[in-house]
Amino acid sequence: MFILGIETSCDETAASVLSDRTVLSSIVSSQVALHERYGGVVPELASREHLRNIIPVVREALDAAKVRQQDLGLIAVTHAPGLIGALLVGVSTAKAMAYALHIPFIGVHHGEGHIVAAHLEYPKLEYPYVALLVSGGHTALYHIRNFGSYELIGQTRDDAAGEAFDKVAKLLDLPYPGGPVIDRLSREGDPKAIPFPRGVREGSDFSFSGLKTAVRNHVALFRSKDRGLDPGLKVADVAASFQQAVVDTLVEKTVQAAASRGLRSVVMAGGVAANSGLRSSMEKGCQSAGIRLFIPGMGLCVDNAAMIALAGYLRFSRGERSALDLNPRASMGL
Ligand code: KG4
Ligand code: ZN
């Protein structure tokens, strides 16, 4: 069966065509250049840009897959969570196409998409496992017994990890989105230069707001109203020390969650899973605990529509589908 996936929850307009579980095409049109000068995503601009891009992106995905729209058997679309106006563009497009083509459509939770992305890369990945979902909107650990069964182990009490990366980048006058920039800068800095706090030590919950405040306080020592940031501030050291604090917490809690449940596999997903420091530290942490780690490649970690198409296909295979009155939702648990 050919499945069209559509993703418009934030600032990427994405479409993908799958043949069952095989990715035939995955097109992502990023709006980063549009939002960069505002230092973050401007929701109204995002919606308008999705509206401009969605049809060309869908067409490109179909063309690249060499699939005609009349050969599609299912349309899957992110319907929650995300920016409501942005979600609306994808959901309306999916509904209109499904109605016109007389085929079923299904709404997908964005977080579920991120987690199942690992199955696109590793077809032999077996349940159960612990999933760490780390993106701009999520930081949570789940015990996943099977597809669709998500037991929340712990989550952030304040900012998501990606949000912390983006906010810290702003404090350092670095461009948006901050994650990839801090990742790059960290390679030139000393991760031990500044002993930033590690947040909540006990339990499986996360907290990144104390860390963010510690970075702000540190940077404030080097900032003056009229002259901006003092060149004496070692930005690469701040970036590396901040990143190390986030990475240490994520690795420690993830390994602990898996080990305490006797689970031998960990899946790491979401935009922050693209972080090179996190990838290598998680690899080491899991290896020394005898746990196998599965991380999707970069393109499947950041927002894309292939993961949405797969989640939709798996739900559809269980007999699920959405009615045409399905509405997008800005927030929704997994
Ligand atoms: O999953 P995603 O594309 O969108 C959401 O669902 O939120 O994640 C975006 C987040 C942003 O906060 C971005 O700064 C972060 O992922 N990110 C990274 C890296 N690449 C993207 N954070 C750290 N290191 C990276 N290499
Ligand atoms: Zn995402």
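Order of appearance sets the numbers: ligands from 1, and atoms from 1 within every ligand. We number each residue from 1, following the sequence as shown.
Atom 6 (O) of ligand 1 has His110 NE2, 3.1 Å as its closest protein atom, hydrogens excluded (heavy atom only). When only non-hydrogen protein atoms are considered, atom 12 (O) of ligand 1 lies nearest to Asp166 OD2, 2.7 Å. Remark: minimum distance from atom 15 (C) of ligand 1 to any protein heavy atom is reached at Val272 CG2, 4.0 Å. In terms of protein heavy-atom proximity, atom 7 (O) of ligand 1 is closest to Gly136 N, 2.8 Å.
Taking distance alone, with nitrogen or oxygen atoms compared against 3.5 Å, Gly271 approaches ligand 1 more closely than that limit. Note: an N/O pair closer than 3.5 Å links Asp303 and ligand 1 by distance alone. Considering both main-chain and side-chain atoms, Gly179 comes within under 3.5 Å of ligand 1 through a nitrogen or oxygen pair. Taking any N or O of Gly162, backbone or side chain, at least one lies under 3.5 Å from an N or O belonging to ligand 1. The N/O atoms of Asp183, backbone and side chain alike, include one that comes under 3.5 Å of an N/O atom in ligand 1.
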Q: Give the C-alpha distance, both sets of side-chain angles, the deciding distance and a yes or no for side-chain hydrogen bond (donor to acceptor under 3.5 Å, both in side chains) between Gln155 and His138.
A: CA-CA 8 Å; Gln155 62 184 328; His138 292 88; over 6 Å; no
Q: Any chance you could lay out the side chain to side chain contact (heavy atoms under 4.5 Å, CB included) test for Tyr127 and His119, step after step, and finish with the verdict?
A: CA-CA 10 Å; Tyr127 296 99; His119 293 266; 3.3 Å; yes
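Under 4.0 angstrom from ligand 1, there are no non-hydrogen atoms of His138. Contacts of His114 with ligand 1, taken as heavy-atom pairs under 4.0 Å, involve the side chain alone. The parts of Asn275 lying near ligand 1 are both backbone and side chain, judged by heavy-atom distances below 4.0 Å.
Those atoms of ligand 1 that come under 4.0 Å of a heavy atom in Gly137, given as number and element, are 7 (O).
Within the 4.0 Å heavy-atom shell around ligand 1 one does not find Cys10.
With salt bridges taken as basic N to acidic carboxylate O contacts below 4.0 Å, none links Glu283 and Arg279. For Arg223 and Asp173, the salt-bridge test passes: some basic side-chain N is under 4.0 Å from an acidic carboxylate O. Between Glu112 and Arg315, at least one side-chain N (NZ, or NE/NH1/NH2) sits under 4.0 Å from a carboxylate O, which counts as a salt bridge.
Ser209 and Asp159 form no side-chain donor-acceptor contact under 3.5 Å, judged by distance and modelled atom types alone. A donor atom on one side chain and an acceptor atom on the other are not found under 3.5 Å apart for Ser149 and Glu151.
Taking the six-membered ring where tryptophan is involved, the planes of Phe147 and Tyr150 are perpendicular, since the angle between them exceeds 60° and thus also 30°.
Note on His110: its N/O/S atom closest to the Zn ion (ligand 2) is NE2. Counting just the N/O/S atoms of Asp303, the one with the shortest distance to the Zn ion (ligand 2) is named OD1.
For the atom pair CZ (Arg264) and CZ (Arg292), the distance works out to 10.5 Å, reported to the nearest 0.5 Å.
Ring centers of Tyr176 and Tyr38: at least 6.0 Å apart, outside the cut-off. Here the two rings, on Tyr142 and His114, have centers that are 6.0 Å apart or farther.
In summary, His138 places no N/O/S atom under 2.8 Å from the Zn ion (ligand 2), failing the contact criterion.
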